[in-house]
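Take a look at the structure below.
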Amino acid sequence: AQSVTQLDSQVPVFEEAPVELRCNYSSSVSVYLFWYVQYPNQGLQLLLKYLSGSTLVKGINGFEAEFNKSQTSFHLRKPSVHISDTAEYFCAVSDPRSSASKIIFGSGTRLSIRP
Amino acid sequence: DAGVIQSPRHEVTEMGQEVTLRCKPISGHDYLFWYRQTMMRGLELLIYFNNNVPIDDSGMPEDRFSAKMPNASFSTLKIQPSEPRDSAVYFCASSDRTSGSGTQYFGPGTRLLVL
(Lines give C-alpha, C1' and ligand atoms only; values in the text may rest on other atoms or scores of the structure.)
Protein backbone atom coordinates (compact mmCIF):
# COMPACT_ATOMS: atom_id res chain seq x y z
CA ALA A 1 0.00 0.00 0.00
CA GLN A 2 1.11 3.52 -0.69
CA SER A 3 1.20 6.41 1.75
CA VAL A 4 2.31 10.02 1.88
CA THR A 5 3.77 11.94 4.81
CA GLN A 6 3.95 15.70 4.92
CA LEU A 7 6.29 16.42 7.76
CA ASP A 8 5.16 19.95 8.52
CA SER A 9 1.57 20.89 9.19
CA GLN A 10 2.37 24.61 9.10
CA VAL A 11 5.23 26.60 7.58
CA PRO A 12 5.49 30.34 8.24
CA VAL A 13 7.90 32.32 6.06
CA PHE A 14 8.56 35.95 5.28
CA GLU A 15 7.66 37.40 1.92
CA GLU A 16 10.43 37.02 -0.70
CA ALA A 17 12.13 34.30 1.35
CA PRO A 18 12.68 30.81 -0.08
CA VAL A 19 10.50 27.93 1.07
CA GLU A 20 10.62 24.15 1.01
CA LEU A 21 7.62 21.97 1.83
CA ARG A 22 8.60 18.43 2.60
CA CYS A 23 6.94 15.28 1.35
CA ASN A 24 7.94 11.65 1.76
CA TYR A 25 6.12 8.71 0.27
CA SER A 26 6.07 5.00 0.89
CA SER A 27 5.68 2.56 -1.97
CA SER A 28 7.23 -0.71 -3.10
CA VAL A 29 6.65 0.14 -6.75
CA SER A 30 7.12 3.07 -9.05
CA VAL A 31 4.82 5.99 -8.44
CA TYR A 32 3.27 9.07 -9.89
CA LEU A 33 3.68 12.09 -7.58
CA PHE A 34 1.66 15.28 -7.38
CA TRP A 35 1.51 18.57 -5.55
CA TYR A 36 -1.85 20.29 -5.28
CA VAL A 37 -2.55 23.76 -3.88
CA GLN A 38 -5.74 24.87 -2.15
CA TYR A 39 -6.29 28.60 -1.82
CA PRO A 40 -8.73 29.77 0.88
CA ASN A 41 -12.31 28.74 0.15
CA GLN A 42 -11.40 27.04 -3.12
CA GLY A 43 -10.95 23.53 -4.43
CA LEU A 44 -7.63 21.78 -4.96
CA GLN A 45 -5.65 22.80 -8.03
CA LEU A 46 -2.79 20.87 -9.61
CA LEU A 47 0.54 22.61 -9.06
CA LEU A 48 2.84 20.06 -10.70
CA LYS A 49 3.30 16.34 -11.23
CA TYR A 50 6.06 13.80 -11.72
CA LEU A 51 5.32 10.86 -14.01
CA SER A 52 8.76 9.87 -15.31
CA GLY A 53 11.91 11.32 -16.82
CA SER A 54 13.64 14.36 -15.38
CA THR A 55 13.54 14.35 -11.60
CA LEU A 56 13.16 18.13 -11.43
CA VAL A 57 9.63 19.16 -12.22
CA LYS A 58 8.52 22.73 -12.75
CA GLY A 59 4.99 23.82 -12.03
CA ILE A 60 2.82 26.90 -12.01
CA ASN A 61 3.51 30.07 -10.03
CA GLY A 62 7.28 29.49 -9.90
CA PHE A 63 7.14 26.28 -7.87
CA GLU A 64 9.28 23.25 -8.56
CA ALA A 65 9.75 19.84 -6.98
CA GLU A 66 12.46 17.23 -7.09
CA PHE A 67 11.83 13.51 -7.13
CA ASN A 68 14.41 11.62 -5.10
CA LYS A 69 13.90 7.90 -5.39
CA SER A 70 16.61 6.89 -2.92
CA GLN A 71 15.13 9.13 -0.23
CA THR A 72 11.53 8.52 -1.36
CA SER A 73 10.94 12.25 -1.27
CA PHE A 74 9.23 14.83 -3.45
CA HIS A 75 9.89 18.18 -1.77
CA LEU A 76 8.33 21.36 -3.12
CA ARG A 77 10.39 24.53 -3.40
CA LYS A 78 10.08 28.15 -4.39
CA PRO A 79 13.04 30.56 -4.32
CA SER A 80 11.00 33.62 -3.37
CA VAL A 81 7.45 33.51 -2.04
CA HIS A 82 4.72 36.08 -2.40
CA ILE A 83 1.75 36.90 -0.20
CA SER A 84 -0.47 35.29 -2.83
CA ASP A 85 1.20 31.91 -2.17
CA THR A 86 -0.63 31.69 1.15
CA ALA A 87 -2.51 28.41 0.85
CA GLU A 88 -2.55 24.78 1.87
CA TYR A 89 -0.37 22.43 -0.13
CA PHE A 90 -1.04 18.72 -0.56
CA CYS A 91 1.42 16.10 -1.72
CA ALA A 92 -0.13 13.03 -3.33
CA VAL A 93 0.86 9.68 -4.85
CA SER A 94 -0.74 7.20 -7.21
CA ASP A 95 0.18 3.81 -8.63
CA PRO A 96 0.87 3.89 -12.40
CA ARG A 97 0.06 0.20 -12.68
CA SER A 98 -3.38 0.51 -11.23
CA SER A 99 -6.33 0.64 -13.55
CA ALA A 100 -8.00 2.85 -11.01
CA SER A 101 -7.35 6.54 -10.89
CA LYS A 102 -7.13 6.72 -7.11
CA ILE A 103 -4.73 9.24 -5.57
CA ILE A 104 -3.52 9.09 -1.97
CA PHE A 105 -3.24 12.56 -0.44
CA GLY A 106 -1.04 13.72 2.42
CA SER A 107 -2.43 15.64 5.36
CA GLY A 108 -1.44 19.01 3.91
CA THR A 109 0.97 21.82 4.83
CA ARG A 110 -0.38 25.27 5.52
CA LEU A 111 1.95 27.92 4.13
CA SER A 112 1.58 31.35 5.69
CA ILE A 113 3.48 34.32 4.31
CA ARG A 114 4.40 37.22 6.56
CA PRO A 115 4.97 40.65 5.03
CA ASP B 1 -13.98 23.41 -20.67
CA ALA B 2 -15.76 24.85 -17.63
CA GLY B 3 -14.08 22.45 -15.24
CA VAL B 4 -15.84 20.41 -12.59
CA ILE B 5 -19.09 22.07 -11.53
CA GLN B 6 -20.63 21.59 -8.11
CA SER B 7 -23.89 22.84 -6.69
CA PRO B 8 -24.89 24.27 -4.40
CA ARG B 9 -21.76 26.12 -3.27
CA HIS B 10 -23.16 26.58 0.22
CA GLU B 11 -25.86 24.68 2.06
CA VAL B 12 -27.25 25.30 5.51
CA THR B 13 -29.78 22.82 6.81
CA GLU B 14 -31.19 21.50 10.02
CA MET B 15 -30.42 18.17 11.58
CA GLY B 16 -32.60 15.42 10.17
CA GLN B 17 -33.11 17.02 6.78
CA GLU B 18 -32.08 15.41 3.50
CA VAL B 19 -29.17 17.03 1.67
CA THR B 20 -28.30 16.47 -1.97
CA LEU B 21 -25.01 17.62 -3.44
CA ARG B 22 -24.51 17.69 -7.19
CA CYS B 23 -21.55 17.37 -9.48
CA LYS B 24 -20.92 17.68 -13.19
CA PRO B 25 -17.51 16.25 -14.16
CA ILE B 26 -15.32 17.44 -16.99
CA SER B 27 -16.65 16.13 -20.29
CA GLY B 28 -14.86 12.98 -21.39
CA HIS B 29 -13.51 12.05 -17.98
CA ASP B 30 -14.22 8.46 -16.98
CA TYR B 31 -13.55 8.69 -13.23
CA LEU B 32 -15.47 10.68 -10.66
CA PHE B 33 -14.54 11.07 -6.99
CA TRP B 34 -16.32 12.43 -3.94
CA TYR B 35 -14.22 13.77 -1.06
CA ARG B 36 -15.00 15.31 2.31
CA GLN B 37 -12.72 17.83 3.99
CA THR B 38 -12.78 18.80 7.66
CA MET B 39 -10.27 20.40 9.98
CA MET B 40 -10.17 17.31 12.16
CA ARG B 41 -9.91 14.59 9.51
CA GLY B 42 -8.44 16.41 6.54
CA LEU B 43 -9.31 15.23 3.03
CA GLU B 44 -11.15 11.90 2.93
CA LEU B 45 -12.12 9.92 -0.16
CA LEU B 46 -15.74 8.84 0.19
CA ILE B 47 -16.46 7.00 -3.06
CA TYR B 48 -15.38 6.87 -6.66
CA PHE B 49 -16.93 5.82 -9.94
CA ASN B 50 -15.52 4.52 -13.20
CA ASN B 51 -17.73 4.85 -16.27
CA ASN B 52 -20.69 5.60 -13.97
CA VAL B 53 -20.19 2.43 -11.89
CA PRO B 54 -19.26 2.71 -8.20
CA ILE B 55 -15.87 1.07 -7.70
CA ASP B 56 -14.98 1.71 -4.08
CA ASP B 57 -17.38 3.09 -1.47
CA SER B 58 -15.36 2.01 1.55
CA GLY B 59 -14.92 5.63 2.59
CA MET B 60 -18.63 6.33 2.91
CA PRO B 61 -19.09 6.96 6.64
CA GLU B 62 -22.38 5.15 7.12
CA ASP B 63 -25.68 4.21 5.53
CA ARG B 64 -26.95 7.76 5.75
CA PHE B 65 -24.65 8.55 2.85
CA SER B 66 -25.38 7.43 -0.70
CA ALA B 67 -24.02 8.40 -4.10
CA LYS B 68 -25.23 7.84 -7.61
CA MET B 69 -24.00 8.50 -11.11
CA PRO B 70 -26.92 8.02 -13.51
CA ASN B 71 -24.91 9.17 -16.51
CA ALA B 72 -21.45 10.36 -17.50
CA SER B 73 -22.22 14.00 -16.86
CA PHE B 74 -23.93 13.96 -13.48
CA SER B 75 -23.48 12.60 -9.98
CA THR B 76 -25.15 13.16 -6.64
CA LEU B 77 -24.12 12.64 -3.04
CA LYS B 78 -27.05 12.38 -0.67
CA ILE B 79 -27.14 12.51 3.12
CA GLN B 80 -30.35 11.38 4.76
CA PRO B 81 -30.87 12.20 7.56
CA SER B 82 -28.17 14.81 8.02
CA GLU B 83 -26.38 15.33 11.35
CA PRO B 84 -24.23 18.20 12.67
CA ARG B 85 -21.10 16.05 12.37
CA ASP B 86 -21.67 15.94 8.60
CA SER B 87 -20.73 19.62 8.43
CA ALA B 88 -17.75 19.83 6.07
CA VAL B 89 -16.69 20.86 2.61
CA TYR B 90 -17.54 18.24 0.02
CA PHE B 91 -15.48 18.11 -3.16
CA CYS B 92 -16.11 16.37 -6.42
CA ALA B 93 -13.19 15.57 -8.72
CA SER B 94 -12.88 13.89 -12.10
CA SER B 95 -10.05 12.37 -14.10
CA ASP B 96 -9.30 10.80 -17.43
CA ARG B 97 -7.28 7.64 -16.88
CA THR B 98 -6.72 7.19 -20.60
CA SER B 99 -4.59 10.33 -20.61
CA GLY B 100 -2.00 8.43 -18.59
CA SER B 101 -1.47 10.02 -15.21
CA GLY B 102 -4.98 10.02 -13.82
CA THR B 103 -4.58 13.61 -12.66
CA GLN B 104 -7.68 14.62 -10.72
CA TYR B 105 -9.41 17.94 -11.33
CA PHE B 106 -11.40 19.32 -8.43
CA GLY B 107 -14.56 21.34 -8.28
CA PRO B 108 -14.92 24.39 -6.01
CA GLY B 109 -16.66 22.37 -3.31
CA THR B 110 -19.94 22.55 -1.42
CA ARG B 111 -19.70 23.96 2.08
CA LEU B 112 -22.31 22.16 4.18
CA LEU B 113 -23.43 23.30 7.61
CA VAL B 114 -25.89 21.14 9.52
CA LEU B 115 -27.42 22.89 12.51
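To find a chain, count down the sequence lines: A is the first, B the second, and so on, and within it residues start at 1.
Residues satisfying the ring pair (Phe, Tyr, Trp, His ring centres under 6.0 Å) criterion with A/Phe90, sequence neighbours excluded, are absent altogether.
In terms of modelled atom types and a separation under 3.5 Å, the side chain of B/His10 and the main chain of B/Arg111 share no donor-acceptor contact.
Neither the backbone nor the side chain of A/Gln45 comes within contact range of chain B, judged by heavy atoms closer than 4.5 Å. Contact of B/Gln37 with chain A is made through the side chain alone, with heavy-atom distances under 4.5 Å. Proximity to chain A is absent for every atom of B/Arg41, based on heavy atoms less than 4.5 angstrom apart. Neither the backbone nor the side chain of A/Ser107 comes within contact range of chain B; no heavy atom of the residue lies under 4.5 Å from a heavy atom of that chain. Heavy atoms of A/Ile103 lying under 4.5 Å from chain B belong to its backbone as well as its side chain.
Comment: B/Glu83 engages B/Arg64 in a salt bridge, judged by a side-chain N to carboxylate O separation of less than 4.0 angstrom. Using a 4.0 Å cut-off between a side-chain N of Lys or Arg and a carboxylate O of Asp or Glu, A/Arg77 and A/Glu20 qualify as a salt bridge.
The side-chain contact (heavy atoms from CB on, under 4.5 Å) with B/Tyr48 is formed by just one residue from the set B/Asp57, B/Asp56, B/Leu32; it is B/Asp56.
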